[in-house]
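Below is one structure, written out as structure tokens; comments come after it.
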Amino acid sequence: MEQLITAIQERGTVLSDGVLKVDSFLNHQLDTDLMINIGKEFATRFRDGNITRVLTIESSGIAPSLIAAHELEVPLVFARKKKSLTMNNDVYTSSVYSFTKQESNDITVSKNFLTSNDHVLIIDDFLANGQAALGLIDLVEQAGASIAGIGIVIEKSFQDGRAKLEEAGFRVESLARIQSLQNGKVTFLPEPVLQNT
Ligand code: 5GP
């Protein structure tokens with residue numbers, strides 16, 4: 001997605017060979033125009049998926065997911081990283097190891113907001129080693145719901161998250177795919193050329 005790639009090139013900072021900082025438009029300050037277009041792009045890619053709910057994880061997944069869910073006319077649920085005092089014990093929980101924080105956290109969703117009738121689109125900001133996505137998949141599977149696919153804003157293709165998710169049989173749609181962050185430079189994988197049939 002051109003607008004996202006330009007934002008990464010112009011406003012992203014390579015912190016190391018493994019970590020990209022994008023807090024000026026995605027992880028702290030939000031570029032609202034970009035968020036709206038990202039959400040619309042997810043909705044376009046998954047429109048035929050018979051989706052009944054969008055599931056993401058707080059906090060950076062919420063903005064792009066909100067627009068995607070709005071476009072698809074379905075509710076958005078975000079998994080919480082800390083259990084709220086107002087939540088009772090009727091929750092699904094999974095443990096997720098955080099790539100950036102290097103610690104494990106339980107993520108939680110109320111049983112009221114994920115049911116066995118749901119066909120779920122999972123969205124997250126980054127895909128690295130796939131732990132956050134696998135945790136969200138675990139919550140969906142605990143609910144007995146099915147998964148339409150996984151939408152990722154920025155995929156670091158040099159890590160093995162996509163391979164894990166595809167091996168498990170899931171459709172992964174990433175709006176920007178980064179081949180490398182070496183030498184302080186962002187290199188993207190070429191976007192697939194759409195064939196006219
Ligand atoms: P995974 O669970 O796939 O290993 O990592 C994905 C999660 O870690 C995302 O939800 C995101 O919050 C965080 N993350 C992973 N890599 C990066 C990165 O390079 N930059 C930023 N800002 N977050 C990342």
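These numbers were taken from a predicted model, which means no experiment stands behind them. Each ligand, and each atom within it, is numbered from 1 in the order the structure gives.
- Among protein heavy atoms, atom 8 (O) of ligand 1 sits closest to F99 CB, 4.0 Å.
- Other residues, nucleotides and ligands contribute only 12 or fewer heavy atoms inside 6.0 Å of the CD atom of E73.
- Ligand 1 places these atoms under 4.0 Å from at least one heavy atom of D124: 9 (C), 10 (O).
- Although no hydrogens or angles enter the test, the distance criterion places a donor-acceptor pair under 3.5 Å between the side chain of Q142 and the main chain of T93.
- No part of K21 comes within 4.0 Å of ligand 1, judged by heavy-atom distances.
- Listed for the T56 side chain is a donor-acceptor partner under 3.5 Å among the backbone atoms of I123.
- When atom types are taken as modelled, the side chain of D118 and the backbone of T115 share a donor-acceptor pair closer than 3.5 angstrom.
- Annotation: atom 20 (N) of ligand 1 to nearest protein heavy atom, L20 O, 2.7 Å.
- With L165, D125, L26 as candidates, the residue nearest to atom 9 (C) of ligand 1 on a non-hydrogen basis is D125.
- Heavy-atom contacts of G18 reach the following atoms of ligand 1: 19 (O) (cutoff under 4.0 Å).
- Under 4.0 angstrom from ligand 1, the non-hydrogen atoms of V19 come from both its backbone and its side chain.
- Judged by distance alone, with hydrogens and angles left aside, the side-chain atoms of R162 form no donor-acceptor pair with the main-chain N or O of S157 at under 3.5 Å.
- Side-chain contact annotation: H119 with S146, donor-acceptor N/O pair under 3.5 Å present.
- Few gaps surround CG on D33; more than 12 heavy atoms of other groups in view lie less than 6.0 Å from it.
- If you check which protein heavy atom lies closest to atom 14 (N) of ligand 1, you get T100 CG2, 3.6 Å.
- In terms of protein heavy-atom proximity, atom 16 (N) of ligand 1 is nearest to K156 NZ, 2.7 Å.
- Protein heavy atom in closest approach to atom 7 (C) of ligand 1: F126 O, 4.2 Å.
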Intermediate values then yes/no, salt bridge (Lys or Arg N to Asp or Glu O under 4.0 Å), E58 and K81: CA-CA 7 Å; E58 67 176 347; K81 288 183 178 157; over 6 Å; no

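- Within the 4.0 Å heavy-atom criterion, the part of N27 lying near ligand 1 is the side chain and not the backbone.
- D125 and N27 share a side-chain donor-acceptor pair at under 3.5 Å.
- Below 4.0 Å from some heavy atom of A132 lie the following atoms of ligand 1, by number and element: 2 (O).
- Inclusion of L127 in the set of residues having an N or O under 3.5 Å from an N or O of ligand 1 is not warranted.
- With respect to atom 4 (O) of ligand 1, the closest heavy atom belonging to the protein is N129 N, 2.8 Å.
- Per-residue contacts place Q131 under 4.0 angstrom from the following atoms of ligand 1 (heavy atoms of the residue considered): 1 (P), 2 (O), 3 (O), 4 (O).
- Counting only heavy atoms of the protein, atom 5 (O) of ligand 1 lies nearest to A128 CB, 3.5 Å.
- For the side-chain contact (heavy atoms from CB on, under 4.5 Å) with V109, the qualifying choice from V77, V91, L136 is V77, the only one to do so.
- Under a cut-off of 6.0 angstrom, the local environment of NZ in K164 is crowded, with over 12 non-hydrogen atoms contributed by other residues, nucleotides or ligands.
- Close approach to G130 involves these atoms of ligand 1, each under 4.0 Å from a residue heavy atom: 1 (P), 2 (O), 3 (O), 4 (O).
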